[in-house]
Amino acid sequence: VQPPADSGTGNTNNPTTGSDGTAQAYKFFVTQSKSELRTGSDTLTLGIRVTDASGGIKANVPVSLQLLDSGTNFGLSFDKASQLVTDANGYVEVNLLQSDIGLVSKLDHTATVKVTVTNGSVKSEETLTIPVTGTTIKDVISSRAALAADDTATVTGTLVDGGSKP
């Protein structure tokens, strides 16, 4: 199940005890600018916000991003380094890019992104599954309207990606 555009998923770590003896729980939330990418060439923005257990911001927290399931083989990449740190507002933003690298990027597939947030010895992960869709076949023509057993026909058409490019 994918969250709708402009909504997010959340993750809460297990609280640990800091050097001062207080519990140091935190949460992080991932938002997506849209629910899916289009095949061929497209961009989706991921926003990651890290807060403490009370909702206060957590600045300077390491955030790691990783494309799983051979995503780069389909033309998927991030627009910046995969090792980031939250800003003064406890936030990082990165674009997930679908690049047109040929036929494989024009076929429907899935982008699987693992987000890992580390705060001291506390580590929490979340995996997002983002559909990459939109491939269709246009202008389909068959040499025969009906077939009987053992008949053959020639079918032609044009495969187009999510951006309507052949």
Side-chain angles (χ1 to χ4, degrees), residues 1-14 16 24-52 57-140 155-166:
V1 175
Q2 294 300 310
D6 297 322
S7 74
T9 57
N11 191 324
T12 305
N13 73 341
N14 295 321
T16 61
Q24 297 181 338
Y26 68 94
K27 296 182 178 185
F28 77 94
F29 302 92
V30 180
T31 57
Q32 297 175 204
S33 60
K34 54 189 177 181
S35 60
E36 68 181 26
L37 283 165
R38 304 296 285 167
T39 54
S41 183
D42 198 9
T43 302
L44 177 147
T45 302
L46 296 172
I48 299 106
R49 175 152 333 265
V50 181
T51 68
D52 62 25
I57 61 172
K58 294 288 283 183
N60 301 314
V61 175
V63 175
S64 174
L65 303 168
Q66 181 181 6
L67 283 170
L68 303 176
D69 302 328
S70 302
T72 55
N73 293 343
F74 292 97
L76 294 165
S77 63
F78 300 113
D79 71 339
K80 54 181 73 167
S82 58
Q83 304 297 320
L84 305 167
V85 176
T86 59
D87 64 14
N89 296 313
Y91 186 75
V92 295
E93 186 173 276
V94 63
N95 288 320
L96 176 61
L97 308 172
Q98 173 62 66
S99 299
D100 186 350
I101 61 166
L103 179 61
V104 71
S105 65
K106 294 176 183 280
L107 301 175
D108 289 359
H109 54 279
T110 301
T112 306
V113 178
K114 181 165 75 170
V115 180
T116 304
V117 175
T118 307
N119 189 16
S121 62
V122 179
K123 180 171 138 179
S124 190
E125 297 177 342
E126 183 173 336
T127 301
L128 307 169
T129 302
I130 303 165
V132 185
T133 62
T135 301
T136 59
I137 300 175
K138 299 205 178 213
D139 304 322
V140 177
V155 179
T156 60
T158 303
L159 181 71
V160 295
D161 66 20
S164 298
K165 294 180 185 174

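When a residue number appears, it is its place in the shown sequence, counting from 1.
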From CG (L84) to OG1 (T86), nearest 0.5 Å: 10.0 Å
Residue pair F28 / T51, side-chain heavy-atom distance below 4.5 Å: no
Set of residues satisfying side chain to side chain contact (heavy atoms under 4.5 Å, CB included) with respect to S70, sequence neighbours excluded: N73
Over all atoms of both residues, closest heavy-atom pair of S99 and S105: O-CB, 3.3 Å
Which residues share a side chain to side chain contact (heavy atoms under 4.5 Å, CB included) with L107, sequence neighbours left out: L103, L159
Contact check, side chains of D42 and K34, non-hydrogen atoms, under 4.5 Å: yes
Any D69 side-chain heavy atom under 4.5 Å of T110 side chain: no
Nearest atoms (heavy-atom pairs only) where K114 meets L68: CB-CD1, 4.0 Å
Any Q32 side-chain heavy atom under 4.5 Å of T45 side chain: no
Reported OG1-to-CZ distance for the pair T133 and R38, which is rounded to 0.5 angstrom: 5.0 Å
Residue pairs involving residues 96-106 (criterion salt bridge (charged side-chain N to carboxylate O under 4.0 Å, His left out); sequence neighbours excluded): D100-K106, K106-D161
Qualifying residues under side-chain hydrogen bond (donor to acceptor under 3.5 Å, both in side chains), relative to T43, sequence neighbours excluded: none
Qualifying residues under salt bridge (Lys or Arg N to Asp or Glu O under 4.0 Å), relative to R49, sequence neighbours excluded: none
Salt bridge (charged side-chain N to carboxylate O under 4.0 Å, His left out) pairs, two or more places apart, involving residues 75-99: none
Residue pair Q66 / V113, side-chain heavy-atom distance below 4.5 Å: no
D108 side chain to T135 backbone, donor-acceptor under 3.5 Å: yes
Closest contact, heavy atoms only, P131 versus S35: CD-O, 3.6 Å
Set of side chain to side chain contact (heavy atoms under 4.5 Å, CB included) partners for T72, sequence neighbours left out: L67
Residues which pass ring pair (Phe, Tyr, Trp, His ring centres under 6.0 Å) with F74, listed by chain and number, not counting sequence neighbours: H109
Under the side-chain hydrogen bond (donor to acceptor under 3.5 Å, both in side chains) test, residues paired with N60 that sit two or more places apart: none
G162 backbone acceptor or donor facing T39 side chain under 3.5 Å: yes
Residues forming a salt bridge (Lys or Arg N to Asp or Glu O under 4.0 Å) with K165, sequence neighbours excluded: none
Taking every non-hydrogen atom, the tightest pair across L96 and F78: CD1-CE2, 4.0 Å
Residue pair L37, L76: steps toward the side chain to side chain contact (heavy atoms under 4.5 Å, CB included) verdict: CA-CA 10 Å; L37 283 165; L76 294 165; 4.0 Å; yes
L46 side, atom CG; S33 side, atom OG - distance, nearest 0.5 Å: 7.5 Å
Side chain to side chain contact (heavy atoms under 4.5 Å, CB included) partners of Q83, counting only residues at least two apart: S64
L65 side chain reached by V115 side chain, heavy atoms, under 4.5 Å: yes
Under the side-chain hydrogen bond (donor to acceptor under 3.5 Å, both in side chains) test, residues paired with T127 that sit two or more places apart: none
